[in-house]
2 protein chains.
Amino acid sequence: MNKPADGTRRTPLSRERVLRAAVAFADAEGTDALSMRRLAQELGVVPMALYKHVANKDELLDGMVDLVVGEIGPPGEGGWQHVVRERILSARRTLRGHPWVARVVESRPAPTPALLGYLDSMAGLFRAGGFSVDLTHHAMHAMGSRLLGFSQELFDDTAAPPDPEVLAQLARAYPHIAELAGSAEHDAGSAVGGCDDQAEFEFALDLLLDGLERLRAGGRR
Amino acid sequence: MNKPADGTRRTPLSRERVLRAAVAFADAEGTDALSMRRLAQELGVVPMALYKHVANKDELLDGMVDLVVGEIGPPGEGGWQHVVRERILSARRTLRGHPWVARVVESRPAPTPALLGYLDSMAGLFRAGGFSVDLTHHAMHAMGSRLLGFSQELFDDTAAPPDPEVLAQLARAYPHIAELAGSAEHDAGSAVGGCDDQAEFEFALDLLLDGLERLRAGGRR
DNA sequence: ACCTGAACACCGTTCAAGT
DNA sequence: ACCTGAACACCGTTCAAGT
């Protein structure tokens with residue numbers, strides 16, 4: 001299995017190659033479909049061969065997160081609010097093609113090195129911008145997973161809406177939500193029911209950053 | 001298996017009983033440990049018996065969420081900001097004993113009826129408080145999963161800190177995070193490294209609600 | 001008609017046997 | 001010493017056989 005029919009050796013496995021293949025697989029098929037066995041198959045390798053490069057599946061997931069988070073670029077220059085805002089939007093762009101990262105990060109008990117590095121850098125941006133240690137602490141918690149550009153929605157509303165009859169029934173049962181779904185903002189996004197995720201993300205982001213700037217300027221400890 | 005040794009019939013299975021047992025099991029052992037087979041065993045029943053009350057595991061999870069979310073009390077009375085704030089804190093208290101709800105809700109593609117009802121009610125509170133349809137829409141997205149009282153942290157920092165040597169090494173690698181971990185706010189919570197989750201949640205909540213009130217008062221469409 | 005044991009197609013991971 | 005096939009202890013769910 002290690003030697004293809006033509007006799008040439010396959011490119012040997014490495015931790016890097018395993019992680020890259022896992023990321024590509026998760027991008028294409030989602031993390032639910034990702035199993036050690038499927039991944040091994042994808043790499044043309046016996047399942048047990050993976051265990052020489054990752055201790056177990058949890059370490060595989062950590063490695064995948066670390067790989068992707070490590071690709072987020074460094075911060076730019078300017079006032080703290082501009083720099084923080086742009087860095088977060090940059091992280092969001094980096095993670096855009098890897099929608100599984102949010103769920104995996106939030107399901108892991110401890111942060112990976114790349115994630116710690118990113119968070120440390122973000123905390124440094126607040127401090128450099130004149131935030132006290134305590135306010136920086138509050139700011140980091142208040143931003144939470146939004147620091148990585150996660151939307152923090154309660155559910156994935158990108159799914160196709162059900163047929164009109166069911167929709168009408170839902171509108172009757174949940175009038176206020178129906179009212180929101182019918183608003184102009186929604187139609188701008190895509191089909192009925194779809195929202196402009198990016199606009200909503202930036203709205204919430206600015207709400208938080210503006211609030212934090214007010215506290216900073218007010219000299220809150 | 002349906003008849004115990006003493007010949008008395010077991011209390012018959014019902015959807016309600018299945019869901020309550022599943023919630024209790026998840027509370028005690030977590031959703032990772034929850035399987036159809038383990039749950040059946042817990043109920044003294046053959047695995048297939050569950051499938052008469054729930055179509056599959058996804059429907060079981062939806063039912064569990066619905067059961068718990070349905071226990072959130074109705075809103076109180078007063079100004080919009082007070083009512084919204086108290087309702088969210090009430091939801092947070094209700095979900096406090098069911099830490100698995102956050103992950104399950106966010107992993108399901110569609111909201112359950114009880115969740116839709118709760119969200120509809122929350123949207124109604126904004127509208128009644130003088131929010132335009134569009135601002136209500138933005139507000140709902142900006143709050144996101146915080147509407148249910150979820151902390152939205154990037155990882156679970158309640159885990160025990162590692163030994164002092166590793167900690168010192170981490171502090172050197174991530175100086176800004178070390179600075180935050182050493183702040184007085186942290187020590188107030190619990191042991192070193194632990195935070196006062198509730199205080200941080202309320203800080204972020206008020207940051208958002210104050211920002212929204214400013215927009216509402218400013219007459220933003 | 002109802003119930004359920006066995007079976008199917010999977011998992012992550014261990015371990016001993018083979019080279 | 002290295003590699004790996006078989007095995008172990010699980011999954012969710014189907015299905016046919018038994019009552």
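Just so we're on the same page: letters track the sequence lines, and every chain starts at 1. Values below: all heavy atoms of this structure, side chains included; hydrogens, waters and symmetry mates excluded.
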Taking [atom1] from [X] and [atom2] from [N], how many angstroms apart are they, rounded to a whole number?
| X | N | atom1 | atom2 | result |
| --- | --- | --- | --- | --- |
| B/Arg37 | C/dG5 | CZ | C1' | 11 Å |
| A/Leu50 | D/dC3 | CG | P | 13 Å |
| A/Leu34 | C/dC11 | CG | P | 10 Å |
| B/Glu59 | D/dT13 | CD | C1' | 14 Å |

_Whether B/Glu59 and B/Arg15 form a salt bridge (side-chain N of Lys/Arg under 4.0 Å from carboxylate O of Asp/Glu) is what I want to check._
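Yes, charged N to carboxylate O under 4.0 Å.
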*Please determine, for the side chain of A/Met48, which listed nucleotide (C/dA7, C/dT4, C/dC15) has the closest atom?*
C/dC15
*Of the candidate nucleotides D/dG12, D/dT4, C/dG12, which contains the atom at the shortest distance from the side chain of B/Tyr51?*
D/dG12
*asked:* Over all strands shown, is A/Met36 touching base, sugar-phosphate only, or nothing at heavy-atom distances under 4.0 angstrom?
replied: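 Sugar-phosphate: the residue A/Met36, judged by heavy atoms under 4.0 Å, touches backbone atoms but no base.
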*Which nucleotide, in any strand shown, forms a Watson-Crick or G-U wobble pair with D/dT13, with both distances under 3.5 Å?*
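Pairing partner: C/dA7.
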*If pairing requires Watson-Crick or G-U wobble contacts with both distances under 3.5 Å, which nucleotide is the partner of C/dT19?*
D/dA1
*Would you tell me whether A/Ser145 and A/Gln152 have side-chain atoms, one donor and one acceptor, within less than 3.5 Å of each other?*
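Judged by distance alone, the side chains do pair up.
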*So, B/Glu165 and B/Gln169: side-chain donor and acceptor under 3.5 Å apart, yes or no?*
no
_Test log, rule side-chain contact (heavy atoms from CB on, under 4.5 Å), inputs B/Phe201 and A/His141_ = CA-CA 8 Å; B/Phe201 180 83; A/His141 278 287; over 6 Å; no
*Hey, is the side chain of B/Lys52 poking within less than 4.0 Å of OP1 or OP2 on C/dC3, counting only N and O atoms?*
yes
